[in-house]
Amino acid sequence: MAAKKSSKRTGSAKEKKENAGKAPVAEKKFDFASVEKKWQSEWEKAGVFKTEENSKKPKIYVLEMFPYPSGSGLHMGHTLNYTIGDVFARFKRMNGFNVLYPMGYDAFGLPAENAAIKAGVHPKKYTEESIQTFMKQQKGLGLSYDWSKLLATCNPDYYKWNQYFFLKFFEKGLAYRKKAAVNWCPDCETVLANEQVHSGKCWRHEETDVEIRHLEQWFLKTTSYSDELLECIPKLQWPARIKSIQENWIGKSFGTEILFEINGKKWPIFTTRPDTIFGVTFMVVSAQHPRLNGLVTAAQKREVDDFLRKIKSTSEKDTTELEKEGAFTGSYATNPLTNENVPIYAGNFVVADYGSGMVMAVPAHDQRDFEFAKKYNIPVKVVIQPKGKNISAELIGEAFVDEGVLVNSTKFSGLESKKSIEEITEHLEKIGLGKKTVNYKFRDWLISRQRYWGTPIPVVYCEKCGIVPVPEKDLPVLLPEKVEFGKGNPLLSNKEFVNVKCPKCGGTSRRETDTMDTFFDSSWYFLRYCDNKNSKVPFDKKKIEYWMPVDQYIGGAEHACMHLIYARFFTKALRDLGFVSFDEPFTKLFNQGMLHGSDGHVMSKSRGNIVLPEEVSKKYGIDTARLFLLSQAAPDKDMGWKEEGIEGSLRAVMKIVSYFENPRPGKSSRKIESKIHRAIRNITSDIENFRYNFAIINLRKLFDAIEGEEKVSKEHLEIFLKLLHPICPHITEELWRAIGNKALVASEKWPECDAKLIDENLERIEAAVSSLRLDILRIKELAKLEKVSKVRIFVAQEWKWKALKIIVSVCDGRPDFGAAMKALMADPEIKQHSSEIQPFIKGALSRLGELSMLEKFDEVSVLKEAAPVLEKEFGKIEIMKSEESAEPKARNAFPGKPALIIE
RNA sequence: GCACGGGUUGGGGAGCGGUCAAACCCGCCAGGCUUAGGACCUGGUCGCUUAGUGCGUUCGGCGGUUCGAGUCCGCCCCCGUGCACCA
């Protein structure tokens, strides 16, 4: 099929090429592969993508989220992602910026380890090979990375600094170890951070329920930055969606902490509804609460244990539908304002580590509490009445949760609930039994993992000294290669690694075998790029100060409350440790859309719907693929990959290539000059604002205009190639050379728009020409005229123009028939046409907006310029005033809408 | 349940409250050119019209604001995403 196709693809295009004495492009197709290779190596030779040291240019740091190097390599989805950044980086480079555009690999992680278990390959080998594949593919895409900045997080010269930062955090108390109810994924065989649990499932295993286990683990004190992380969000130039996800994730809520007395001890209870405190009839403590046991009396132990066993077997299923359940603990709490004793239940609907893990239950005014109370026959006490209504505990079928007026609340009765929140809180503060407080959903980041392929946590456990950090001089704690994969943490199988002497006392001690969450690695990699070869310190502060923060970050929205929050935390923590002096790592963030495969699902290896860039490249050339991907939609929108569409992009590329094979150099017309400068202006702002799809439309329009010209100057052709270069880097280099240039487009200066050369009038004339021409042709066809010998164009009578101006000015954007009529009748010249005035005003009022634009140009002069262009084709063209015509249709010519008579 | 996106002409996808029947691409139709081809060129592609730059009807549904609404507001329906028993 293919061979037949290409042999047939000859014809007129071929003849043209042969006349020019050149190889027929269309026939040979175009050797994209060798052109791509050639320019990729030229770029490398010239080092055009290297950042400059001590540059006077303004800096810009363009960064894509670095990939996890999986064995399956890149697909078109990645291609889209990196192309978006590459276009931007090339554009900025040409605009005179010193651009840092690096690439690296998030090389630690579970998939490598799992592959090792499955295929018997060592994770190190697996990862190294994957990285090689990725690099080769990325180079094949023509991405303009400065490869000298390369890093991989699994190299000791990188993870050494993970350990170094860990120790710094440990010193400051930002890294700590505690026993807690943590998330455990039985498939990953490790604990997970809260951010890695999605709706009760593991982020890597959609099918796997996460279990709650009580384990001692390492945490980073991310919560000490909760407030700052939240407060800085409005300042970020990030997509609103990501900002809102982060705000929700941090989940700040204002409320009151009330001290209830339980077994002689004060328990702080967090609530947003202190106004309902007189309605508390019981308390519920989380079934996962670490202090639950202390509340259970001997008599109730059995009941509570039964309950705990029951929820363990059902709790992970259908969290949405879960019925509220619980068991009485046997303990009571004393309400500080009523001195009533209320029973404490253990319940499945209370979160252990939000607030204090126990809630005061007000069944009359909280739906969950209501359901629970009904189930266990606990009294319901109404303390807030809706305005103008009277509800009673016996009759309500659901909790009344809205605002109202307090009742049964001692001296607070009669207050509006909103007001009483303040008053009750104040009262509690006065008597020392409560205070205003804030609560966050955000929790500390659990960073230890019971897996092999990660950064060893630099700590040993000494029998005498307890937790002892590894001294800085002994870093890095190397990850041993010799381990056995299978059950449990492979690191435990290496005795030399595990059994060490205590750095403090020299006594027997055991090395920590947990490794760090890989999100630790990715929380500061953007800093390391700035100084990736430094072996003395994690990075030179001066270099960081020059390059950071990242000006433009590009990546997927799935990292909204994982990587993007961790990196922000890390930056703030490093700032407070004196490593950096800025507050936020990423000034601007762009979320690229997801590429969907032909089955409509997001393109991914596991779905089996991936399209490989190599294959597309081979068929269409990578520039064509880039053009196609970016022209489909705005780059932040999801889009589908469809093979059919790319043919159109190939056509466009081939048209451009053919044109440049046989250019027609000469002096450009004013018209094309105007168009070029308009295009410069538009395309510059399109790329700047990631409106690549519009940039491509403008490029195509510009090319159509160039192609239609008899002659175009070399300078203008060069401008076109420069404008196209960020999107189609390879072919533009090839064509740049073809029209006689030596240097590389990649290092050329971006063209500047000379606004003076944009000629609105000329473009109006052109538009008039083409619309006139079409009208004439259409009329000719409809009238079945053999030939057009004469065209008469009738333009509106002058009084109509005058009247129009009056109407536009009188009405000031708002149709006002009366005012318009009055104004027109006041003008003696217009008054002569009184019979036509009324319909004219109606017409004008109905298109007021359009007409106020029309006012700006002179119909007659535009047509006078337009007509001669068409005379060659249609013979004599006359322009005349409507009143000179006897034809009623022509007489009705409206301003801006000329009438035609053709003979 | 809460929050955020989105529903536009055959498909993809644009659309500062007036210049918008709605960019651009694909598809489709007609014509041209032809070593008759899924190449290239030109035009068309909501309906009705037609010597029109004419009329009508449209932008998930229903209301509202406005002289004027895909465009703003309210409610509803559908699709997608995030969080989810957060007290």
Side-chain angles (χ1 to χ4, degrees), chain A residues 1 4-6 8-16 26 198-200 239-245 247-249 251 253 255 269-273 276 284 319-320 322-324 347-351 353-356 358-362 366-369 371-372 439-441 557-558 560-561 628 631-634 637-640 642 644-649 651-652 654-655 658 691 693-694 696-698 700-701 771-772 774-785 811 813-817 845-854 887 889 892-894 896-902:
Chain A
M1 268 307 256
K4 196 168 153 197
K5 184 176 170 183
S6 61
K8 278 181 179 172
R9 189 182 282 182
T10 45
S12 59
K14 181 183 171 184
E15 285 167 17
K16 233 191 261 169
H198 298 158
S199 307
R241 192 163 79 90
I242 304 296
K243 295 210 265 186
S244 115
I245 290 174
E247 275 167 7
N248 288 335
W249 187 258
S253 60
I269 301 294
F270 177 77
T271 181
T272 53
R273 295 291 304 273
T276 62
V284 187
T319 45
T320 31
L322 205 62
E323 199 182 326
K324 316 236 165 327
N348 64 346
F349 66 97
V350 176
V351 179
D353 43 5
Y354 181 75
S356 56
M358 193 189 298
V359 296
M360 56 177 229
V362 186
D366 180 284
Q367 188 57 27
R368 290 156 304 182
D369 300 346
E371 285 167 29
F372 194 87
N439 232 305
Y440 300 91
K441 276 164 60 178
E558 68 276 14
C561 52
F628 174 62
S631 66
Q632 281 292 91
K637 287 265 167 74
D638 288 359
M639 66 183 93
K642 275 202 195 135
E644 301 96 66
I646 199 172
E647 296 278 354
S649 297
R651 270 202 290 276
M654 290 313 298
K655 260 163 71 178
S658 318
R691 292 156 36 113
N693 50 335
F694 281 90
I696 289 169
I697 290 170
N698 284 319
R700 290 178 97 134
K701 279 186 181 164
S771 100
L772 258 181
L774 287 181
D775 290 342
I776 294 170
L777 283 175
R778 182 163 177 81
I779 292 168
K780 180 188 159 201
E781 191 195 323
L782 289 166
K784 301 201 166 63
L785 291 174
C811 291
R814 300 185 161 237
D816 183 339
F817 191 90
L845 291 184
S846 73
R847 41 160 57 109
L848 205 52
E850 178 191 344
L851 293 176
S852 54
M853 304 276 172
L854 259 181
E887 307 274 342
K889 269 169 186 151
N892 287 333
F894 201 79
K897 309 222 175 231
L900 298 181
I901 291 184
I902 293 173

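In what follows, chains are A, B, ... by sequence order, proteins preceding strands, each numbered from 1. Side-chain atoms are counted along with the backbone in the values below, which use heavy atoms only and exclude waters and symmetry mates.
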Between [M] and [N], how far apart are the [atom1] atoms? Round to whole Å, please.
| N | M | atom1 | value |
| --- | --- | --- | --- |
| B:G44 | B:U35 | C1' | 29 Å |
| B:C24 | B:U45 | C1' | 15 Å |
| B:C2 | B:G56 | P | 44 Å |
| B:G80 | B:G31 | C1' | 44 Å |
| B:C20 | B:G15 | C1' | 8 Å |
| B:A21 | B:U57 | P | 13 Å |
| B:C76 | B:U81 | P | 22 Å |
| B:C67 | B:C4 | C1' | 35 Å |

Straight-line distance of [X] [atom1] to [Y] [atom2], nearest 0.5 Å:
| X | Y | atom1 | atom2 | answer |
| --- | --- | --- | --- | --- |
| A:I245 | A:E247 | CD1 | CD | 11.0 Å |
| A:I646 | A:R651 | CD1 | CZ | 12.0 Å |
| A:K637 | A:Q632 | NZ | CD | 13.0 Å |
| A:M360 | A:T271 | CE | OG1 | 4.0 Å |
| A:R700 | A:K655 | CZ | NZ | 7.0 Å |
| A:I696 | A:F628 | CD1 | CZ | 10.5 Å |

Report the distance from atom [atom1] of [X] to atom [atom2] of [N], rounded to the nearest whole Å.
| X | N | atom1 | atom2 | value |
| --- | --- | --- | --- | --- |
| A:E371 | B:G1 | CD | P | 14 Å |
| A:I646 | B:G11 | CD1 | P | 23 Å |
| A:M358 | B:C85 | CE | C1' | 17 Å |
| A:I242 | B:G5 | CD1 | P | 12 Å |
| A:E247 | B:C2 | CD | C1' | 14 Å |
| A:W249 | B:U81 | CH2 | P | 18 Å |
| A:I696 | B:C24 | CD1 | C1' | 10 Å |
| A:N248 | B:C4 | CG | C1' | 8 Å |

Of the listed nucleotides [options], the one nearest the side chain of [X]:
| X | options | answer |
| --- | --- | --- |
| A:S253 | B:C83, B:A87, B:A23 | B:A87 |
| A:K441 | B:A87, B:C83, B:C24 | B:C83 |
| A:I697 | B:C24, B:G15, B:G12 | B:C24 |
| A:K655 | B:A3, B:A84, B:C41 | B:C41 |
| A:R241 | B:A3, B:U81, B:A84 | B:U81 |
| A:V350 | B:C83, B:G15, B:A87 | B:A87 |
| A:S244 | B:A3, B:C83, B:A87 | B:A3 |

Exercise. Do A:V351 and A:K441 have side chains that get closer than 4.5 Å, going by heavy atoms?
Worked result: no

Provide the Watson-Crick or G-U wobble partner of [N], both distances under 3.5 Å; none if there is no partner.
| N | result |
| --- | --- |
| B:C28 | B:G44 |
| B:C75 | B:G61 |
| B:G37 | none |
| B:C2 | B:G82 |

Per nearest nucleotide of RNA chain B, the residue lying toward the 5' end, A:R273 or A:S631, is A:S631

Quiz prompt | Most 5' of A:F349 and A:N693 on RNA chain B, judged by nearest nucleotide | solution =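 Whichever sits nearer the 5' end wins; that is A:N693.
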
Checking all strands, does [X] fall into the base, sugar-phosphate, or nothing category for heavy-atom contacts under 4.0 angstrom?
| X | value |
| --- | --- |
| A:V284 | nothing |
| A:T272 | sugar-phosphate |
| A:G648 | sugar-phosphate |

Where does B:G70 land, syn or anti, once you apply the within-90°-of-0 test for syn?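 Glycosidic conformation of B:G70: syn.
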
Give me the ring orientation class for A:F270 and A:Y354: parallel if the planes are under 30° apart, tilted from 30 to 60°, perpendicular past 60°.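 Rings of A:F270 and A:Y354: perpendicular, over 60°.
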
Checklist line | Phosphate OP1/OP2 of B:G5 contacted by A:K637 side-chain N/O (<4.0 Å) | finding: no

Would one find a side-chain N or O of A:R651 under 4.0 angstrom from OP1 or OP2 of B:C26?
->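 Checking A:R651 against B:C26: at least one side-chain N or O falls below 4.0 Å of OP1 or OP2.
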
